[in-house]
Amino acid sequence: MSVATHWGSFVAVVDSGRLVRIEPRDDDPAPSPIGPGMVTAADDSARVLRPAVRKGWLSGLPRVDDTARGADAFVEVSWDEALTLVSDELRRVRSQHGDRAVFGGSYGWASAGAFHNAQDQLQRFLALGGGYTDSRNTYSTAALEVILPHVIGGHPWSYQSRMPMWDEIAENCELVVAFGGLALKNSQINPGGLARHQTRDLQRRCREAGVRFVNVSPIRSDTAGFLDAEWLPVHPNTDTAAMLGIAHTMLVNGWHDEDFLRRCCVGFDRFASYLTGELDGVPKDAAWAAEITGISRDAITGLARRLATQRSLIMVNYAVQRADHGEQPIWMSVVLAAMTGSMGRHGCGWGAGYATMDATGVARGRPSVARVPAVPNPVADFIPVARIADTLLHPGATIDYDGRRLTLPELRLIYWCGGNPFHHHQDLHRLTRAWQRPDTVVVHEAWWNTTAKFADIVLPVATGLERDDFAAGFSDPHLVAMPKVREPAGESRTDHQIFAALASRIGKEQEFTQSRSEFEWVRHLYEQTRNQLGADAALPGFDDFWRRSTADLPPLRGPIPGSFEALRSDPQRFPLPTPSGRIEIFSAEIDSFGYDDCGGHPTWYEPVEWLRAGLSDRFPLHLISNQPASRLHSQYDNGGHSVKSKIGGREPVTINPLDAAARGIENGMIVRVHNDRGSCLAGAVLSDGVMPGVIQLSTGAWWDPVQPGLSGTLDRHGNPNVLTADRPCSRLSQGPSALSALVDVEVYGDPLPEMLAFTPPPIEH
């Protein structure tokens with residue numbers, strides 16, 4: 001049977017209704033090992049099998065006396081009682097505090113599937129009920145999403161279709177400089193699913209064609225070994241300074257593309273005054289950049305010369321913008337590309353997020369696929385996605401956001417469906433304090449992860465293996481059937497079934513379901529897609545598609561909106577969707593906001609936490625909390641592949657041997673990673689693939705606090721977000737700054753606490 005996930009498509013082997021194993025598809029050249037590991041998690045002890053309500057909440061304790069969220073026992077109840085509790089609480093909160101007091105917390109990947117999209121289902125239901133406070137942007141790319149529309153115009157994600165594809169790079173480019181690297185582990189993933197992984201082979205084709213790669217990153221393995229990349233270890237959070245040093249070298253030597261900068265950009269003269277030090281008395285030359293970044297002056301100068309004389313591509317990865325002043329490396333990477341002479345030349349110029357998702361750089365997009373129709377949200381309020389703890393702790397406060405002033409609403413009910421805030425968010429102890437504030441937290445979950453344990457009402461949901469759907473991945477030119485592999489565990493229901501039952505209690509069932517069953521919805525969305533694309537698409541009928549398991553979507557045709565090649569050819573005929581119609585090296589609009597942490601052109605701002613900060617005397621190691629290789633974010637951390645990657649049951653942390661020797665740390669030891677915000681245990685891996693002064697601890701280990709609900713307690717499992725700062729990267733985007741965190745590491749000499757990350761809370765039946 002066909003299985004589609006965010007980490008690829010597989011085949012499920014089922015015997016008498018029992019899931020035996022999950023195998024890669026024969027036509028996938030680089031299948032993800034996450035898929036087969038899903039089997040062990042399908043029926044493990046962490047499954048939520050029946051509706052459950054937190055005991056303190058159910059007993060009606062006044063909230064001022066009830067701060068046990070995260071530490072309390074649960075009481076299992078019937079579905080009828082659970083649905084009554086949810087619907088009554090929604091009605092109470094709306095009537096007493098207004099619709100804006102309800103937060104529709106569906107941020108995250110949830111499961112693949114065009115119909116069973118958790119965010120679509122939740123927001124449709126809440127909008128029909130009167131509305132909700134929404135969130136904006138993503139933890140992954142908030143700074144990028146806000147800055148790029150100012151600089152190159154268009155939708156925040158339109159750059160994906162405007163940058164060179166891998167096959168074009170192989171044919172036309174000579175030099176790729178990757179700030180933040182090109183970690184292949186991230187290309188296991190594609191939002192919404194994918195049929196076949198292609199990034200690895202396309203990267204290999206580039207290298208075989210003679211393209212040279214430079215990896216500007218604190219981590220050597222951020223590029224695949226077969227790329228033979230030159231590694232320039234850079235101090236974390238200093239990519240902007242490195243780019244400024246390269247740009248200054250190009251400017252003073254006359255190596256920059258004056259014609260492109262004059263015709264196709266605005267504001268270079270003002271930016272050049274900053275580069276040379278005319279504005280602030282500090283030339284941003286190679287020596288200045290070398291002192292900040294740790295990259296030698298000669299390497300910076302040599303890279304500037306190569307960029308100016310070779311057909312080049314500047315790549316910037318998402319990690320560099322999840323940091324203090326994260327907008328700056330994104331903006332500066334566009335400016336640097338514009339200076340090189342390669343911007344707007346086929347297969348060259350600029351791009352972002354390569355290898356972060358498999359489809360990035362593989363395809364420019366796919367035709368639109370039908371989805372469940374949205375219901376307009378009657379509530380206009382929203383919060384930047386990473387400001388949830390601020391909102392809970394400081395309702396009524398005002399913050400800046402992209403030229404606006406937002407008033408943070410008072411949230412009394414959180415409804416979370418899809419995603420895991422106790423994975424995504426920074427400073428989990430601060431989130432713990434904030435999470436005690438709302439009256440009620442409702443969560444849909446398949447497993448007793450941290451978010452479920454910190455809820456008041458937990459409704460068990462079917463997994464992607466337990467419902468019918470089809471996958472339509474981001475930019476992936478295939479549709480993949482997702483027939484139900486097995487029956488839902490215990491009393492689990494799909495998100496749609498739950499919301500349909502709740503909708504019936506407010507007289508909105510017909511509007512929510514449109515009188516279709518779930519399978520009828522799946523068929524309807526597929527046939528609607530087929531009809532929209534027309535006869536030329538040659539999509540098979542639904543029954544044929546369901547038998548075949550896949551269908552090919554036609555390629556996109558027509559000009560690329562906002563094309564840099566078209567801009568270079570004739571900026572008058574093909575302007576960008578920016579105020580000037582050009583690349584905005586200087587943005588008058590951003591400058592008018594008057595932000596002291598994001599001015600009118602790319603600027604070096606010293607991070608709050610980095611290796612030269614005063615805090616480094618106490619915490620001398622910079623923490624890189626990047627994406628894991630063994631799972632998607634926190635999904636299937638209890639799966640077989642993720643569990644096998646642990647050391648003594650803890651998440652592995654990679655340490656340079658020099659830093660380890662100074663602390664008496666050896667391979668395989670359990671260590672304590674700590675700073676003033678918190679501490680966690682992890683298993684030590686020694687490698688010179690991370691530069692001295694840096695440690696790497698992936699996100700996604702289910703948070704396992706020794707004393708749940710108590711802020712500051714030790715995490716037994718290795719979740720780096722007990723260490724990261726809940727601090728906006730700037731007033732412009734209010735994005736997260738997870739990769740601006742200083743820590744220290746020591747051997748853990750106390751008896752190891754029992755691991756309970758995958759153990760359900762106490763449950764009364």
Side-chain angles (χ1 to χ4, degrees), residues 139-140 142-143 180 217-219 222 233-240 292-294 317-326 328-329 386-387 389-390 421-432 597 605-628 633 651-656 659 663 671-682 690-701 703 705 711-712 714-715 717-730 733-746:
Y139 281 91
S140 296
S217 169
I219 301 175
D222 273 347
V234 62
H235 292 159
N237 293 187
T238 67
D239 302 85
T240 302
I292 292 171
T293 65
N317 217 332
Y318 295 159
V320 302
Q321 53 89 64
R322 290 195 295 271
D324 287 337
H325 316 294
Q328 302 309 312
R387 302 274 62 82
D390 285 347
F422 285 87
H423 153 70
H424 290 296
H425 202 70
Q426 284 66 62
D427 194 347
L428 292 181
H429 294 302
R430 184 172 189 261
L431 182 63
T432 295
D597 54 5
Y605 297 98
E606 184 172 331
V608 176
E609 294 185 41
W610 68 304
L611 290 174
R612 291 184 57 186
L615 190 64
S616 64
D617 292 339
R618 296 176 54 219
F619 301 111
L621 301 175
H622 197 119
L623 170 65
I624 300 295
S625 53
N626 57 2
Q627 296 303 313
H633 295 303
E651 191 69 15
V653 57
T654 306
I655 310 169
N656 185 278
D659 295 319
R663 293 162 174 79
V671 297
R672 174 177 171 263
V673 189
H674 62 98
N675 60 18
D676 287 336
R677 285 181 288 269
S679 61
C680 66
L681 301 183
V690 296
M691 64 185 292
V694 172
I695 67 167
Q696 179 268 318
L697 177 62
S698 293
T699 60
W703 187 34
S711 179
L714 174 71
D715 168 42
H717 195 195
N719 188 313
N721 278 328
V722 301
L723 306 160
T724 55
D726 187 10
R727 178 176 58 235
C729 61
S730 84
S733 70
Q734 295 288 341
S737 55
L739 277 87
S740 294
L742 293 177
V743 301
D744 204 356
V745 183
E746 63 185 10

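This structure is a prediction, so every number in the text was calculated from the model and none was measured.
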Audit row: Ser217, Asp222, side-chain hydrogen bond (donor to acceptor under 3.5 Å, both in side chains) steps and yes/no: CA-CA 7 Å; Ser217 169; Asp222 273 347; 2.6 Å; yes
Would you mind reporting whether [Y] and [X] have side-chain heavy atoms less than 4.5 Å apart?
{"X": "Ile695", "Y": "Val745", "result": "yes"}
{"X": "Arg387", "Y": "Pro728", "result": "yes"}
{"X": "Gln696", "Y": "Ile219", "result": "yes"}
{"X": "His325", "Y": "Thr240", "result": "no"}
{"X": "Ser679", "Y": "Val722", "result": "no"}
{"X": "Tyr318", "Y": "Asn626", "result": "no"}
{"X": "Arg618", "Y": "Asn675", "result": "no"}
{"X": "Ile624", "Y": "Leu697", "result": "no"}

By salt bridge (Lys or Arg N to Asp or Glu O under 4.0 Å) - contacts of Glu746 (at least two apart):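 Once residues adjacent in sequence are excluded, the partners of Glu746 under the salt bridge (Lys or Arg N to Asp or Glu O under 4.0 Å) criterion are Arg672.
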To the nearest 0.5 angstrom, please state how far the [atom1] atom of [X] sits from the [atom2] atom of [Y].
{"X": "Arg322", "Y": "Tyr139", "atom1": "CZ", "atom2": "OH", "result": "12.5 Å"}
{"X": "Ile655", "Y": "Leu621", "atom1": "CD1", "atom2": "CG", "result": "8.0 Å"}
{"X": "Trp703", "Y": "Leu431", "atom1": "CH2", "atom2": "CG", "result": "7.5 Å"}
{"X": "Ser740", "Y": "His622", "atom1": "OG", "atom2": "NE2", "result": "5.5 Å"}
{"X": "Leu428", "Y": "Leu723", "atom1": "CG", "atom2": "CG", "result": "9.0 Å"}

Hey, does the side chain of [X] reach the backbone of [Y] with a donor-acceptor pair shorter than 3.5 angstrom?
{"X": "Ser625", "Y": "Thr699", "value": "no"}
{"X": "Asn656", "Y": "Val690", "value": "yes"}
{"X": "Asp427", "Y": "Ala725", "value": "no"}
{"X": "Asn721", "Y": "His423", "value": "yes"}
{"X": "Asp659", "Y": "Gly693", "value": "yes"}
{"X": "Asn317", "Y": "Ala319", "value": "no"}
{"X": "Ser737", "Y": "Arg727", "value": "yes"}
{"X": "Gln321", "Y": "Ala143", "value": "yes"}
{"X": "His235", "Y": "Ile292", "value": "yes"}
{"X": "Ser616", "Y": "Arg612", "value": "no"}

Verdict with reasoning, Thr432 to Phe422, per side-chain contact (heavy atoms from CB on, under 4.5 Å): CA-CA 9 Å; Thr432 295; Phe422 285 87; 4.2 Å; yes
Please report the closest heavy-atom contact between [X] and [Y], naming both atoms and the distance.
{"X": "Gly712", "Y": "His429", "value": "N-ND1, 2.7 Å"}
{"X": "Val653", "Y": "Ala682", "value": "CG1-CB, 3.6 Å"}
{"X": "Trp610", "Y": "Pro607", "value": "CD1-O, 3.4 Å"}
{"X": "Ser698", "Y": "Pro720", "value": "O-CD, 3.3 Å"}
{"X": "Asp239", "Y": "Gly180", "value": "OD2-N, 4.3 Å"}
{"X": "Pro736", "Y": "Ala142", "value": "CD-CB, 3.9 Å"}

Test log, rule side-chain contact (heavy atoms from CB on, under 4.5 Å), inputs Gln328 and Tyr605: CA-CA 8 Å; Gln328 302 309 312; Tyr605 297 98; 3.8 Å; yes
Sub-6.0 Å ring centroid separation between His424 and His633: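 Aromatic pair counts; centres sit under 6.0 Å.
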Audit row: Arg430, Asp390, side-chain contact (heavy atoms from CB on, under 4.5 Å) steps and yes/no: CA-CA 9 Å; Arg430 184 172 189 261; Asp390 285 347; 2.6 Å; yes
Salt bridge Glu609-Arg677, side-chain N to carboxylate O under 4.0 Å: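 A salt bridge links Glu609 with Arg677.
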Given Asp676, Val608, Leu615, Asp617, the one that forms side chain to side chain contact (heavy atoms under 4.5 Å, CB included) with Leu742: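 Only one option passes, and that is Leu615.
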Evaluation steps, side-chain hydrogen bond (donor to acceptor under 3.5 Å, both in side chains), between Asp726 and His425: CA-CA 8 Å; Asp726 187 10; His425 202 70; 3.0 Å; yes
From CA spacing to verdict: side-chain hydrogen bond (donor to acceptor under 3.5 Å, both in side chains), Asn719, Glu651: CA-CA 8 Å; Asn719 188 313; Glu651 191 69 15; over 6 Å; no
